[in-house]
Amino acid sequence: MGDSCANRPSALRRRATFSGVRSLTVQPASGGSATACSSALTASSSREPGQPNGLHTTHSKSKHEKEEKRKRRNDHSGRLSCHQHQQSLLSSSSGFSNYRGILNWCVVMLVLSNSRLFLENLLKYGILVDPIQVLSLFVKDPYSWPAACLVIVSNVFILAALYTERQLSKGSLSEQVGLLVHSVNLSIILCFPAVVVLLVPSISPVGGVFALGTYTILLLKLYSYKDVNRWCRELSSIKVKTLSRSNSCPSAPPVIGVDQIVCYPGNLTIRDLYYFVFAPTLCYELNFPRSPKIRMSFLLRRLLEMLFLTQMLVALTQQWMVPIIQSSMKPLEEMDLSRMMERLLRLAVPNHLLWLMFFYWFFHSSLNFTAELLRFGDRQFYKDWWNAETVTYFWQNWNIPVHKWCLRHFYCPLLRKGFSKMVSQSAVFFLSAFFHEYLMSVPLRMFRLWAFMGMMAQLPLAWLVTRFLRGNYGNAAVWISLIIGQPIAVLMYVHDYYVLHNGQEIH
């Protein structure tokens, strides 16, 4: 076309002045007509000040790109030098810490390897999951529930502790007599369920563990209840009239305007004591931190997790653990060392996986569900024990409720009485070893001390790891002790139990 923009001299330029915007230089594209170019400029110049200017934006981007290209053409430093002083990412001195991809790879490999074992298990044994068999572990007779009745009887000891504290607050009992009554009450809590479990054959091992576990928790709670109320009376005797919290275990203040602060002896009520009994803690306080409301979505998620993980724990135990244990029920004296190690390694992986699932089910799902239901504010039930570089750090962080109780009511009182840290720490491990053996030997009705020796062995292990291993090596040692140590105790107890009850069948 004769009047096309392409036929005009290349130096010819048009300027379009926009209202409120700086003037731009526009170069018509080749192939477009002069009329089209003129109309485009006219339309652009007729825009309102507030309307978007597409031509201006496009040209700005084009100008910016041209400037970038010109800088790259004139920049010779990138062509002359492309290296700088830096470390490889996997070197410890690089400071790199984002290994999320490697962690995902480890999870994928773990799933694939265990999937292969699970498929082999299905092909060899078939489907072994039986919910009815699970119920028989708790009750031998569907019309007799001795373990549940034993748990109900525990209310007598709760009320006895409350009555004793009320009498002490009134001055009807002296401190010495009150201490004697509490000691008798706590001793009965420790011995009474053990005697019942040993003498009543209808209580199954699982039911016995449930009943003894409940009484053990109650024992620790009532001991804390006794101590805190005694501390309150001691503070009252030195003219401290009000106490909102126990100074030995400080926590966050309650939400003002939601819960009223309770002072001693106003805490000596049935409502207060039973709230503490059901709360997910072993340490008593007059005023627990409380959340403002119950979050139904959070509560529902934890409930679904509990139901799902319960089914997974039962199914994996029946399908995976039981066949391995049954196939291993050969007398130890008839096996060589290699056979024993092969049996142990076969049991280590499923046992450790079930232990991790139980940890999440109990310490995260169950305790958070209970805390949300009771609006209990302190949700720190565990810390980062998986990063433990020492055995001591693991035991201090994997079970925070028990650790707080031991620190508050056992370890610190021993230090205040003049005992050394080493002696106090050994006493804490001794107490833990006693309760581990108590919860294993009594329900199984046999005394082998495997759990007791396993816990006491943590003392030299903790010294060795702390003395000779550091960093990742220490963390690896902790994980190895968890993966290998627990299956040894499980295997020994299960073996002795089967030998005791099915000795002729094994031989």
Side-chain angles (χ1 to χ4, degrees), residues 158 161 213-214 216-232 235 242-264 266-303 305-306 358-388 393-413 428 432 435:
I158 298 174
T214 302
T216 300
I217 293 173
L218 183 61
L219 170 68
L220 300 179
K221 283 176 176 281
L222 292 184
Y223 190 94
S224 178
Y225 187 73
K226 169 190 73 71
D227 272 0
V228 172
N229 283 297
R230 177 172 58 85
W231 296 337
C232 291
L235 290 175
T242 59
L243 178 67
S244 62
R245 293 201 180 277
S246 169
N247 293 328
S248 62
C249 190
S251 56
V255 180
I256 299 177
V258 176
D259 295 294
Q260 199 173 30
I261 293 179
V262 178
C263 300
Y264 183 84
N267 63 308
L268 301 179
T269 62
I270 293 179
R271 177 188 178 91
D272 179 88
L273 179 54
Y274 271 92
Y275 178 87
F276 170 56
V277 168
F278 288 102
T281 181
L282 299 176
C283 294
Y284 177 70
E285 293 184 14
L286 275 69
N287 297 276
F288 289 104
R290 304 290 293 274
S291 55
K293 64 178 181 179
I294 298 177
R295 298 168 294 176
M296 296 305 300
S297 59
F298 181 88
L299 197 68
L300 183 60
R301 286 197 302 271
R302 300 290 83 81
L303 178 61
E305 288 177 356
M306 292 168 57
F358 173 80
F359 167 80
Y360 189 90
W361 175 82
F362 183 76
F363 286 97
H364 186 74
S365 300
S366 300
L367 293 186
N368 269 291
F369 177 83
T370 305
E372 189 68 25
L373 197 62
L374 297 177
R375 293 175 46 226
F376 186 78
D378 188 358
R379 309 293 176 90
Q380 192 180 60
F381 305 119
Y382 55 90
K383 293 183 181 178
D384 59 333
W385 58 264
W386 46 86
N387 293 325
Y393 185 88
F394 167 79
W395 288 110
Q396 290 174 348
N397 292 275
W398 96 279
N399 189 340
I400 295 300
V402 170
H403 172 67
K404 280 185 178 180
W405 187 94
C406 291
L407 189 67
R408 185 192 197 195
H409 299 285
F410 197 70
Y411 181 79
C412 289
V428 171
S432 177
F435 279 111

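We count residues from 1, following the sequence as given. No experiment lies behind these values; they were computed from the predicted model shown. Only this structure's heavy atoms are used, side chains among them; waters, hydrogens and symmetry mates stay out.
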Side-chain heavy atoms of I400 within contact of K383, under 4.5 Å = yes
task = Kindly give the heavy-atom pair with the smallest separation between F381 and P401, and that separation in Å.
result = O-CD, 3.5 Å
task = Using side-chain contact (heavy atoms from CB on, under 4.5 Å) as the criterion, list what pairs up with F278, not counting sequence neighbours.
result = Y274, L374
message = S366: which residues meet the side chain to side chain donor-acceptor pair (under 3.5 Å) condition with it, sequence neighbours left out?
response = none
query = Does the side chain of W395 reach to within under 4.5 Å of the side chain of N399, using non-hydrogen atoms?
reply = no
query = Taking all atoms of both residues into account, what is the closest heavy-atom pair of F276 and L282, and its distance?
reply = CZ-O, 3.7 Å
ask   = Taking it one step at a time, do T269 and Y275 satisfy side chain to side chain contact (heavy atoms under 4.5 Å, CB included)?
value = CA-CA 10 Å; T269 62; Y275 178 87; over 6 Å; no
Pairwise distance CD(E305) to CZ(F369) - rounded to 0.5 angstrom = 11.5 Å
query = Partners of D272 by side chain to side chain donor-acceptor pair (under 3.5 Å), sequence neighbours excluded?
reply = Y284
message = To the closest 0.5 Å, what do you measure between NZ (K226) and CH2 (W231)?
response = 8.5 Å
note = Closest non-hydrogen atoms of S291 and R375, given as atom of the first, atom of the second and distance, are O-NE, 2.8 Å
ask   = Taking the six-membered ring of F298 as reference, does the NZ or CZ atom of R302 fall below 6.0 Å from its centre and within a 45° cone about the axis?
value = yes
Partners meeting salt bridge (charged side-chain N to carboxylate O under 4.0 Å, His left out) with E372 (sequence neighbours left out) = R295, R379
message = D378 vs E285, test: side chain to side chain contact (heavy atoms under 4.5 Å, CB included). Steps then yes/no.
response = CA-CA 12 Å; D378 188 358; E285 293 184 14; over 6 Å; no
query = Under 6.0 Å between ring centres, would you say that holds for F359 and W385?
reply = yes
note = Across all chains, not counting sequence neighbours, the side-chain contact (heavy atoms from CB on, under 4.5 Å) partners of S432 are H436, M455
key: Partners passing ring pair (Phe, Tyr, Trp, His ring centres under 6.0 Å) against W361 (at least two apart in sequence or in another chain)   = F358
Point-to-point distance, once rounded to the nearest 0.5 Å, from OG1 of T281 to CG of L220 = 11.0 Å
message = Which residues pass the ring pair (Phe, Tyr, Trp, His ring centres under 6.0 Å) test with Y411, not counting sequence neighbours?
response = none
inquiry  = Testing the basics here: between L286 and C263, what is the closest heavy-atom pair and its distance to 0.1 Å?
reply    = CD2-C, 3.9 Å
ask   = Can you name the residues that form a ring pair (Phe, Tyr, Trp, His ring centres under 6.0 Å) with H403, not counting sequence neighbours?
value = none
key: side chain to side chain donor-acceptor pair (under 3.5 Å) partners of W398, counting only residues at least two apart   = none
note = Smallest heavy-atom separation, T370 atom then P280 atom, equals CG2-CD, 4.1 Å
inquiry  = Which residues pass the ring pair (Phe, Tyr, Trp, His ring centres under 6.0 Å) test with Y223, not counting sequence neighbours?
reply    = W405
ask   = Could you go step by step and tell me if N267 and N229 meet the side chain to side chain donor-acceptor pair (under 3.5 Å) rule?
value = CA-CA 9 Å; N267 63 308; N229 283 297; 3.0 Å; yes
message = Show the nearest heavy-atom pair for residues S224 and C283, with the distance to one decimal.
response = OG-CA, 3.4 Å
ask   = In chain order, what residues pass the side-chain contact (heavy atoms from CB on, under 4.5 Å) check against L300, with sequence neighbours excluded?
value = L304
Partners passing side-chain contact (heavy atoms from CB on, under 4.5 Å) against R230 (at least two apart in sequence or in another chain) = E175, D227, R233, E234
inquiry  = What I'd like to find out is whether the side chain of I158 reaches to under 4.5 Å of the side chain of V277, using heavy atoms alone.
reply    = yes
